[in-house]
2 protein chains.
Amino acid sequence: MSPRKSVAEARRTRERIVDRAIALASVEGLEGLTIGRLATDLGMSKAGILGHFGTKETLQLAALDGASAVFSRTVWERARHEQPGLPRLRAVCEAWSSYLETEREIFPGGCLFTTAAVEFDARHGALRDAVARLFRVWRRRLAGEVRTAVEAGDLPASTDPDQVAYELGGLYLALNQEIQLFGDPEAATTRTRKALDRLLANTVTPTV
Amino acid sequence: MSPRKSVAEARRTRERIVDRAIALASVEGLEGLTIGRLATDLGMSKAGILGHFGTKETLQLAALDGASAVFSRTVWERARHEQPGLPRLRAVCEAWSSYLETEREIFPGGCLFTTAAVEFDARHGALRDAVARLFRVWRRRLAGEVRTAVEAGDLPASTDPDQVAYELGGLYLALNQEIQLFGDPEAATTRTRKALDRLLANTVTPTV
DNA sequence: CCTACCGATCGGTAGG
DNA sequence: CCTACCGATCGGTAGG
């Protein structure tokens with residue numbers, strides 16, 4: 001066993017490290033993630049792991065990047081072939097919700113991005129920037145879907161796509177918290193669906 | 001300077017420790033909080049600090065407890081004397097928003113509770129339980145204010161207080177994230193106010 | 001409330 | 001990819 005493995009083998013090892021890092025970070029956070037624990041889990045030495053990344057920060061960025069690829073496959077890709085407009089917007093929302101409901105299969109400790117956001121929001125550096133970028137991109141994409149739905153005539157012209165995207169973000173933060181902290185996916189799903197219907201269709205009886 | 005201080009002095013020291021612990025934990029998280037750092041900041045020894053709490057976990061719980069007292073003074077107390085119903089509910093919402101907008105004065109690293117929630121939501125133990133309890137209590141109290149507003153005839157009888165409280169929670173998670181991660185309090189405040197108006201008054205033009 | 005200390009673990013490096 | 005090691009720091013204890 002040992003040094004001088006083929007390029008393909010090295011890449012496979014790197015992938016194994018990243019996968020395990022994602023799982024660990026979802027529980028302990030990207031800061032709580034340690035190279036020693038990772039080494040033990042993978043049956044490797046710490047130096048073996050660091051050889052692939054150089055520093056812990058690079059490893060953290062790689063884990064974040066790998067996780068965002070998983071998210072894209074789980075949420076965006078799944079809605080890709082739906083009809084542009086409200087159908088695709090609803091498909092994205094549906095995929096996002098079910099990602100949060102079943103994420104433990106991918107991220108044992110819950111949504112890695114939510115955790116990372118609060119871990120780094122009071123700091124400076126590459127990780128904070130990377131996390132902020134992810135949220136910004138997703139928000140923009142969400143707003144784009146809303147805008148498409150407005151242009152298709154599926155939502156009223158008065159709809160503010162950025163406002164709706166903002167509120168959707170809040171709903172998913174709430175859904176994640178409800179599932180992870182209170183362990184009640186069913187109630188949370190029902191509440192989210194209700195809020196979503198009101199937000200996307202305004203089918204609520206007017207008041208005042 | 002030394003051992004054998006008066007009970008009053010000991011209590012003052014304990015308060016100093018808790019205050020500093022809250023500030024540190026708001027930046028580093030309750031897990032990232034370390035006794036060594038706390039000792040350096042306060043010009044004390046680690047043993048001097050541990051003498052007041054015994055273990056780090058007890059210190060963390062004391063910090064969480066102290067922070068929740070600050071939150072109550074900042075949000076609940078401030079709305080206490082408003083007229084029960086929509087006025088008091090709006091006052092609570094207003095106080096909650098402005099707490100999140102100005103919290104850096106109290107909690108330099110942002111809302112300690114949001115951070116604590118994601119830190120412990122994948123674990124077991126006293127801290128997870130304490131954090132979950134806080135969120136549950138606040139949610140229930142918020143729902144109570146909504147219910148009062150419904151009973152006062154300020155909101156339609158069809159209003160679901162728990163649903164509204166749930167959505168309000170999401171709005172505050174979003175507001176906190178927007179401020180801490182994107183550093184844009186003005187935009188976030190505007191969006192929150194807009195969402196709030198729609199949520200509490202349903203003044204939105206119906207669609208479909 | 002202090003000094004002095006414990007074993008464990010941290011991220012990272014040297015050298016192969 | 002490994003062994004062997006570095007200084008720093010962790011939570012916590014003994015004893016005063």
Side-chain angles (χ1 to χ4, degrees), chain A residues 1-21 24-25 27-64 116 119-120 123-128, chain B residues 1-21 24-25 27-64 116 119-120 123-128:
Chain A
M1 303 297 93
S2 33
R4 299 289 107 187
K5 292 204 173 180
S6 77
V7 176
E9 278 174 310
R11 196 171 49 207
R12 260 188 54 87
T13 302
R14 206 195 118 105
E15 279 168 16
R16 275 184 65 226
I17 298 172
V18 170
D19 284 350
R20 190 73 206 133
L24 276 174
V27 176
E28 312 286 349
L30 279 167
E31 277 299 301
L33 173 67
T34 73
I35 297 160
R37 171 72 194 279
L38 206 45
T40 306
D41 283 13
L42 294 168
M44 291 175 64
S45 67
K46 292 198 295 173
I49 289 176
L50 272 172
H52 284 271
F53 303 95
T55 65
K56 179 177 175 177
E57 190 181 49
T58 311
L59 168 62
Q60 291 171 311
L61 287 166
L64 192 62
E119 260 185 302
F120 297 107
R123 305 184 189 186
H124 294 281
L127 275 154
R128 184 218 164 88
Chain B
M1 305 295 97
S2 36
R4 296 290 107 188
K5 293 206 173 177
S6 77
V7 176
E9 279 174 309
R11 196 172 48 207
R12 261 190 53 86
T13 302
R14 205 195 119 105
E15 278 167 17
R16 275 184 64 227
I17 298 172
V18 169
D19 284 350
R20 189 75 206 131
L24 276 175
V27 176
E28 312 286 349
L30 280 167
E31 277 298 301
L33 172 67
T34 72
I35 296 160
R37 171 74 193 278
L38 206 45
T40 306
D41 283 13
L42 294 169
M44 292 176 62
S45 67
K46 293 198 296 172
I49 290 176
L50 272 172
H52 284 272
F53 303 96
T55 66
K56 179 176 174 177
E57 190 182 49
T58 310
L59 168 63
Q60 290 170 311
L61 288 166
L64 192 63
E119 260 186 301
F120 298 106
R123 305 183 189 187
H124 295 281
L127 275 155
R128 183 218 165 88

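Proteins come first, then strands; the chains are lettered A, B, ... in the order of their sequence lines, and each starts at number 1. Computation of the quantities below employed the complete heavy-atom set of this structure, encompassing side-chain atoms and omitting hydrogens, waters and symmetry-equivalent molecules.
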Engineer: In Å, rounded to the nearest 0.5 Å, how long is the span from CG of B/Leu30 to CG of B/Leu24?
Structural biologist: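 Interatomic distance, B/Leu30 CG to B/Leu24 CG, rounded to 0.5 Å: 10.5 Å.
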Engineer: Kindly compute the distance separating CZ (A/Arg12) from CD (A/Glu9), expressed to the nearest 0.5 Å.
Structural biologist: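 It comes to 9.0 Å.
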Engineer: Of all heavy-atom pairs between A/Ala39 and A/Ser45, which one has the smallest distance, and what is that distance?
Structural biologist: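 In this case the closest contact between A/Ala39 and A/Ser45 is CB-C, 3.8 Å.
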Engineer: Rounding to a whole Å, what distance do you find between B/Leu42:CG and C/dC2:P?
Structural biologist: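 One finds 10 Å between P of C/dC2 and CG of B/Leu42, rounded.
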Engineer: For B/Arg123, look at atom CZ and say whether over 12 heavy atoms of other residues, nucleotides or ligands are found less than 6.0 Å away.
Structural biologist: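 Result for CZ/B/Arg123: enclosed.
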Engineer: In whole Å, what is the span from the CG atom of A/Leu50 to the P atom of D/dC2?
Structural biologist: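 Atom CG in A/Leu50 sits about 12 Å away from atom P in D/dC2.
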Engineer: Nearest to the side chain of A/Ser45, which nucleotide is it out of C/dT3, D/dC1, D/dT3?
Structural biologist: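 It is D/dT3.
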Engineer: Under the side chain to side chain contact (heavy atoms under 4.5 Å, CB included) rule, collect the residues that match up with B/Leu50, sequence neighbours excluded.
Structural biologist: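 Here the qualifying residues are B/Ile35.
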Engineer: Going from OG1 on B/Thr58 to CZ on B/Phe53, what distance comes out if it is rounded to the nearest 0.5 angstrom?
Structural biologist: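 So the gap between those two atoms works out to 8.5 Å.
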Engineer: So, for B/Ile17 and B/Leu59, which heavy atoms are closest and what is the spacing to 0.1 Å?
Structural biologist: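 Heavy atoms only, the tightest pair is CG2-CD1, 4.1 Å.
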Engineer: Which dot-bracket notation, 5' to 3', represents the base pairing of DNA chain C when pairs are defined as Watson-Crick or G-U with both distances under 3.5 Å, crossing pairs as [ ], and inter-strand pairs as |?
Structural biologist: ||||||||||||||||
Engineer: In Å, rounded to the nearest 0.5 Å, how long is the span from NZ of B/Lys56 to CG of B/Leu127?
Structural biologist: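 Going from NZ on B/Lys56 over to CG on B/Leu127, the span is 9.5 Å.
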Engineer: Using every non-hydrogen atom in the two residues, find where B/Ala126 and B/Glu57 come nearest and quote the distance to one decimal.
Structural biologist: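 Minimum heavy-atom separation between B/Ala126 and B/Glu57: CB-OE2, 3.9 Å.
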Engineer: Do any N or O atoms from the side chain of B/Glu119 and from the backbone of B/Glu31 form a donor-acceptor pair under 3.5 angstrom?
Structural biologist: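 Yes, because the side chain of B/Glu119 sits within donor-acceptor range (under 3.5 Å) of the backbone of B/Glu31.
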Engineer: Taking only heavy atoms on the protein side, list every residue of residues 30-39 of chain B lying under 4.0 Å from any atom of DNA chain D, sorted numerically.
Structural biologist: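 Hits under 4.0 Å, by residue number: B/Leu33, B/Thr34, B/Ile35, B/Gly36.
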Engineer: Please report, rounded to the nearest Å, how far the P atom of D/dC1 is from the CE atom of A/Met44.
Structural biologist: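 That distance rounds to 5 Å.
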Engineer: Between N or O atoms, less than 3.5 Å apart, protein on one side and nucleotides 5-8 of chain D on the other: list the pairs.
Structural biologist:
none

Engineer: Working to the nearest 0.5 Å, report the span between OG1 of A/Thr13 and CE of A/Met44.
Structural biologist: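 Answer rounded to 0.5 Å: 6.0 Å.
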Engineer: Please state how far atom CD in B/Glu9 lies from atom P in C/dC1, giving the value in whole angstrom units.
Structural biologist: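 Checked: the CD to P distance equals 8 Å.
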Engineer: Check the distance between C/dT13's C1' and A/Ile49's CD1 and give it to me in whole angstrom.
Structural biologist: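 Atom CD1 in A/Ile49 sits about 16 Å away from atom C1' in C/dT13.
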Engineer: Specify the residues of residues 55-64 of chain B, ordered by number, for which at least one heavy atom lies under 4.0 angstrom from an atom of DNA chain C.
Structural biologist: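 Nothing qualifies; none.
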Engineer: Rounding to a whole Å, what distance do you find between B/Glu28:CD and D/dC10:P?
Structural biologist: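 Computing the B/Glu28:CD to D/dC10:P distance gives 10 Å.
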Engineer: B/Arg16 CZ to C/dC1 P: how many Å, rounded?
Structural biologist: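 Taking atom P of C/dC1 as the reference, CZ of B/Arg16 is at 8 Å.
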Engineer: Return the CD to OG1 distance between B/Gln60 and B/Thr55, rounded to the nearest 0.5 Å.
Structural biologist: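 The OG1 atom of B/Thr55 is 8.0 Å from CD of B/Gln60, to the nearest 0.5 Å.
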Engineer: List in chain and number order the residues that pass salt bridge (charged side-chain N to carboxylate O under 4.0 Å, His left out) with A/Asp41, two or more places apart in sequence or in another chain; answer none if no residue qualifies.
Structural biologist: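 With neighbours one apart ignored, the set is A/Arg20, A/Arg37.
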